[in-house]
Every structure is written in C-alpha cells, then in structure tokens.
2 protein chains.
Amino acid sequence: MKDSAINDQAREVLQGYMARNGLKSTAQRDTIMEAFFGSHEHVAIGDLHRMVLRKNPRIGYATVYRTLKMLTECGLAVERHFGDGQARYEPQRRGEHHDHLICRACGLIVEFENEEIERLQREVAAQHGFRVESHRHEMHGLCPRCQKAPPRRR
Amino acid sequence: MKDSAINDQAREVLQGYMARNGLKSTAQRDTIMEAFFGSHEHVAIGDLHRMVLRKNPRIGYATVYRTLKMLTECGLAVERHFGDGQARYEPQRRGEHHDHLICRACGLIVEFENEEIERLQREVAAQHGFRVESHRHEMHGLCPRCQKAPPRRR
DNA sequence: CTCATTGCAAATAATTTGCATGTAA
DNA sequence: TTACATGCAAATTATTTGCAATGAG
C-alpha cells in the first residue's frame with residue numbers, strides 16, 4: 001500500500017458512499033482523486049485535468065468533471081466560485097475552515113482562519129434558528145503588492 | 001423630477017464615475033438601473049433583462065450585461081455566484097452589509113449583520129496587509145422550518 | 001454477464017465581443 | 001461632429017450530456 005494524498009477518513013467516507021450507491025472504483029478516479037487531494041490550491045477543473053494528464057494522458061475532461069461532482073456530493077470536495085467565470089474545487093477536510101482574502105487585481109488568494117469569527121457565526125445562526133452545515137467567508141480587495149504596483153494581472 | 005429607485009448617493013457616485021470616464025447617460029441605462037435598484041432580490045442578468053423588456057422591448061441582453069458590469073465597476077452593484085451556473089447581482093448600498101443565511105432545502109435567504117464580525121474581519125485583513133473593498137459571508141444549512149418538515153422546495 | 005464508467009464529441013448555457021448603426025454631448 | 005452606446009448576431013468559455021466501447025465486480 002503506497003502512501004497517498006487521500007487520508008483514511010476521506011477514504012472511509014468515499015468507500016461508504018460508493019458502496020451505498022453501487023459505484024465502482026476505477027484507475028481514473030484514483031488518479032484524479034490523488035491529484036485533487038494532493039493539491040493545496042483551489043483548483044479549477046481544467047487545471048486538475050492538466051495535472052491528471054501528466055499521469056495518464058488518456059483521461060478525459062468529462063471524467064475529471066464527473067469525479068469532482070461525485071466528490072462534491074459525498075462531501076469530500078467543496079465547489080466555489082470566485083468571480084472569474086469558472087468553478088474551483090477544494091478538498092474539504094473536517095474541522096478546517098477555508099476563508100479567503102482575494103485580490104481583485106492579481107487574483108491572489110490567501111486563506112485565513114479566525115476562531116472568534118467562527119464562534120460569532122454560530123451565534124448568529126442560532127439566533128435565526130438555522131442549523132449551519134457549511135459557510136463561506138470572503139473578503140475582496142487589493143493585496144499589499146497591488147496597492148503599490150500598478151496592478152497587473154498575475 | 002419623478003421619484004426613483006435610485007437614491008441620491010448612488011446617483012452621485014454614478015455621475016462622478018461617468019464623468020470621469022467619459023461615459024454617457026442613455027435612456028436604456030436609466031431603464032435598466034431603475035429596474036435594478038428597484039429590485040430587492042439577487043437578480044440574474046436574464047431576470048433583469050426580462051423586467052426591463054416590459055418597459056422597453058427593444059433593449060438587448062448585452063446592454064443589460066454591460067450596464068451591470070459598469071455598476072459593478074463603480075461599486076454600486078455586487079456580483080455573486082450562488083452555485084447555480086449564473087451570476088447574480090445586488091445593489092450595494094453603503095453601510096449595508098449583505099451577509100446571508102441560506103437554507104439548502106427551501107432556498108430561503110435571511111440577511112444578517114454583525115458589527116463584531118465586521119470588526120474582526122477588518123483586523124484579519126489588516127494582518128495580511130489587504131485593503132478590503134467588499135466582502136461576502138454566507139452560511140449554508142437548514143432553516144428552522146426545514147429542520148422539522150420533510151424539506152420541500154420552496 | 002451486467003451495469004457503471006469512460007472518452008469523445010456534440011449539446012447547452014452563460015457570458016462576452018465585433019461591428020454597423022444610432023445618439024448624447 | 002465625434003466618441004461612446006446600442007442591438008444584433010456571432011464568438012467564447014465553461015459546463016453538461018449522449019452514446020458506443022470498455023472494464024469492474
């Protein structure tokens with residue numbers, strides 16, 4: 001058993017989900033998931049496809065698309081839209097939060113975490129009687145570099 | 001001067017922006033902006049186009065698109081992506097925040113505001129040297145009603 | 001064997017652009 | 001008059017689907 005970017009917990013969730021839905025394990029899915037969970041980025045499908053092609057040049061875009069869809073359905077991936085016209089995905093690791101600072105000039109994305117904000121969020125949700133399952137928190141503006149330099153696209 | 005959905009402050013921002021950029025005021029833009037600022041919803045371009053057609057059936061989709069783009073650039077509108085494949089826009093009124101609780105079952109959207117969270121946000125941004133221009137904060141989950149009732153689409 | 005999966009190409013869908021014509025300033 | 005703006009249609013871009021061939025269980 002070689003080491004893998006997919007941790008045991010994710011593997012378990014996945015196996016349960018696939019078993020329950022009669023899905024099959026394939027070499028393509030393994031390759032795609034390996035690449036996906038190995039990336040720290042917010043990957044777009046196209047990026048991931050390119051990464052995957054280096055491992056197996058015969059994997060189609062649609063397969064990457066469908067695999068990400070599957071991961072999203074079983075909760076192992078989260079789909080995000082940052083405003084350029086394409087969806088991005090990131091691995092959902094339990095207990096981690098992925099809040100973002102996004103530079104509108106160069107596209108830089110910085111992740112941050114703030115437990116106090118999380119706590120206040122839960123409070124607000126409670127006030128409205130909501131049961132929260134996930135959240136998204138983004139701030140858009142200019143990163144330090146683009147505040148000085150005449151902003152140029154990454 | 002007939003009454004209008006566009007408030008004085010917005011009008012001022014707009015006029016400044018147009019003057020500075022050599023843009024011209026047109027009947028189409030007025031119609032579109034009237035409809036846009038009159039709507040409380042998160043409107044998609046298609047929706048807005050449909051609304052606008054009732055006032056002037058000759059206005060094209062592209063004009064609505066370009067007007068919204070302009071409003072976004074001068075900060076009077078905010079573009080959002082909720083995950084269905086289309087962008088939605090909402091009027092940006094200064095001092096108002098548009099944070100959302102979103103029910104995944106019935107689609108209910110509740111707006112909330114929390115000054116303490118805002119403050120912490122500014123703090124986080126400062127730590128990373130970002131100059132923040134706007135933000136988005138959404139919590140997704142189940143509203144009180146859908147926690148009980150077998151959730152059915154709105 | 002049986003049915004899910006794959007790769008390809010084609011279909012959708014939403015957004016964006018080119019351009020001839022119209023129009024505000 | 002001179003740019004900018006408009007409407008249309010066409011181009012782009014991203015996503016999604018149909019289907020015959022393939023492969024997992």
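Proteins come first, then strands; the chains are lettered A, B, ... in the order of their sequence lines, and each starts at number 1.
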Worksheet entry | Side-chain donor-acceptor pair present, A:Glu111, B:His128, cut-off under 3.5 Å | no
Worksheet entry | Centroid-centroid distance, B:Tyr65 to B:His49, less than 6.0 Å | no
Practice prompt. Five pairs at each end of the helix from C:dC1-D:dG25 to C:dA25-D:dT1: take the axis at both ends and give me the angle between them to 10°.
Written response: 40°
Item to complete: Round to the nearest Å and state the distance from A:Asn21 atom CG to D:dG25 atom C1'.
Response: 16 Å
Worksheet item: Quick one: B:His81 NE2 to D:dA14 C1', roughly how many Å, whole number?
Response: 12 Å
Worksheet entry | Options D:dT15, D:dT6, D:dG25, nucleotide nearest the side-chain atoms of A:Ala87 | D:dT15
Worksheet item: For A:Arg66, which contact category applies under a 4.0 Å heavy-atom criterion: base, sugar-phosphate, or nothing?
Response: base
Item to complete: Verify the ring-centre separation between B:His100 and B:His140: is it less than 6.0 angstrom?
Response: no
Worksheet item: Side chains of A:Thr63 and A:Arg29: donor-acceptor distance under 3.5 Å anywhere?
Response: no
Item to complete: Specify the residue among A:Gln86 and B:Gln28 whose closest nucleotide of DNA chain D lies further upstream toward the 5′ end.
Response: B:Gln28
Item to complete: Please answer whether the main-chain N or O of B:Met18 pairs with a side-chain N or O of B:Asn21 as donor and acceptor at a distance below 3.5 Å.
Response: no
Fill in: Contact boundaries on DNA chain C for chain B, cut-off under 4.0 Å to non-hydrogen atoms
C:dA14 to C:dA25
Item to complete: Salt-bridge test for B:Glu138 and B:Arg136: reply yes if a basic N is under 4.0 Å from a carboxylate O, no otherwise.
Response: yes
Item to complete: Would you mind reading off the distance between A:Tyr65 atom OH and D:dG18 atom C1', rounded to a whole angstrom?
Response: 14 Å
Worksheet item: Base, sugar-phosphate, or nothing: which does B:Gly46 touch, judged by heavy atoms less than 4.0 Å apart?
Response: nothing
